[in-house]
Amino acid sequence: MPDDSFAEFVLDQLSALPDVRTKAMFGAHALFRGDNIFAIIDEGRLFFKTNAESQEDYTSRGMGPFTYKSKSKTVTMSYHEVPPDVLENRQEMVLWATQAIRSATDKSKKAKPGR
């Protein structure tokens, strides 16, 4: 069952960003802005969408990717755990979330035919 209190905390930290909403999905929470998922909350941990540029910000701080088990293999997604100091700092959190939203939006645009 998703941790609603942690999701509420995350939404409060991101309250400066308009139109951010959460939805319980697959035993976790997904954070949306518009039609794009830019974050995952799972087991009391927050993961932001990353791309080739932003991934280094997370891995250089020892933060790993979001993974899950699918049948007999582990699937790694392009979301990385948010560092604790960022999670606790509302201004930093908004900056990192904005980059995650940009990563999610850019990927969404590339996936559409005719672009």
Side-chain angles (χ1 to χ4, degrees):
M1 177 172 187
D3 182 357
D4 291 333
S5 63
F6 184 66
E8 289 172 15
F9 167 77
V10 170
L11 286 175
D12 184 58
Q13 289 293 83
L14 297 176
S15 62
L17 293 173
D19 305 321
V20 172
R21 67 188 192 289
T22 184
K23 180 178 178 183
M25 298 177 71
F26 308 111
H29 281 93
L31 270 67
F32 290 81
R33 184 147 184 224
D35 293 331
N36 299 303
I37 298 174
F38 72 92
I40 298 169
I41 298 173
D42 187 41
E43 298 181 2
R45 297 163 58 198
L46 174 65
F47 299 84
F48 278 156
K49 176 75 173 153
T50 56
N51 59 25
E53 293 174 26
S54 64
Q55 182 175 322
E56 175 64 22
D57 293 334
Y58 297 82
T59 58
S60 68
R61 297 173 106 182
M63 306 313 292
F66 178 76
T67 61
Y68 67 93
K69 299 261 187 217
S70 175
K71 298 182 184 176
S72 62
K73 65 180 180 173
T74 299
V75 177
T76 301
M77 296 181 66
S78 57
Y79 290 79
H80 281 74
E81 188 172 2
V82 176
D85 62 307
V86 172
L87 188 63
E88 295 295 328
N89 182 317
R90 188 180 301 247
Q91 291 176 325
E92 282 293 305
M93 181 93 143
V94 168
L95 291 174
W96 285 54
T98 300
Q99 175 60 43
I101 291 165
R102 204 170 312 131
S103 295
T105 303
D106 289 347
K107 184 153 183 95
S108 172
K109 287 179 183 174
K110 289 177 187 172
K112 292 183 180 176
R115 290 199 182 209

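For clarity, every value in this text was computed on a predicted model and none was experimentally measured. For the numbers below, each heavy atom of this structure counts, side chains included, while hydrogens, waters and symmetry mates do not.
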For [X], side chain to side chain donor-acceptor pair (under 3.5 Å) partners two or more places apart:
X	value
Asp12	Arg90
Ser60	none
Asn89	none
Arg45	Glu81

Q) According to the interplanar angle, ranging from 0 to 90°, do the rings of His80 and Tyr58 count as parallel (below 30°), tilted (30 to 60°) or perpendicular (above 60°)? A) tilted
Residues 63-74 side chain polar contacts: donor-acceptor under 3.5 Å, at least two apart:
unit_1 : atom_1 : unit_2 : atom_2 : d
Lys69  : NZ     : Thr74  : OG1    : 3.2

Q.
Within this structure, what is the CD-CD distance for the pair Gln13 and Gln91, rounded to the nearest 0.5 Å?
A. 10.5 Å
Q) To the nearest 0.5 Å, what is the distance between CE (Met77) and NZ (Lys49)? A) 7.0 Å
Smallest separation among heavy atoms of [X] and [Y], with atom names:
X	Y	result
Phe47	Asp42	CE1-O, 4.3 Å
Thr50	Tyr79	OG1-N, 4.0 Å
Asp57	Trp96	O-CH2, 3.8 Å
Ala7	Ile41	CA-CD1, 3.7 Å
Asp85	Arg61	OD2-NH2, 2.7 Å

Q. Between the side chain of Asn36 and the main-chain N/O of Phe38, is any donor-acceptor distance below 3.5 Å?
A. no
Q.
Between Arg21 and Gly34 (side chain of the first, backbone of the second, donor and acceptor by atom type, cut-off under 3.5 Å), is there such a pair?
A. yes
Less than 4.5 Å apart, any side-chain heavy atom of [X] and any of [Y]?
X	Y	result
Phe6	Glu43	no
Val10	Thr22	no
Asp4	His29	yes
Leu95	Gln99	no

(Q) List the residues meeting side chain to side chain contact (heavy atoms under 4.5 Å, CB included) with Ala39, not counting sequence neighbours, and say none if there are none. (A) Leu31, Leu46, Phe48
Q: Please step through side chain to side chain contact (heavy atoms under 4.5 Å, CB included) for the pair Ser103 and Asp106, ending with a clear verdict.
A: CA-CA 5 Å; Ser103 295; Asp106 289 347; 5.9 Å; no
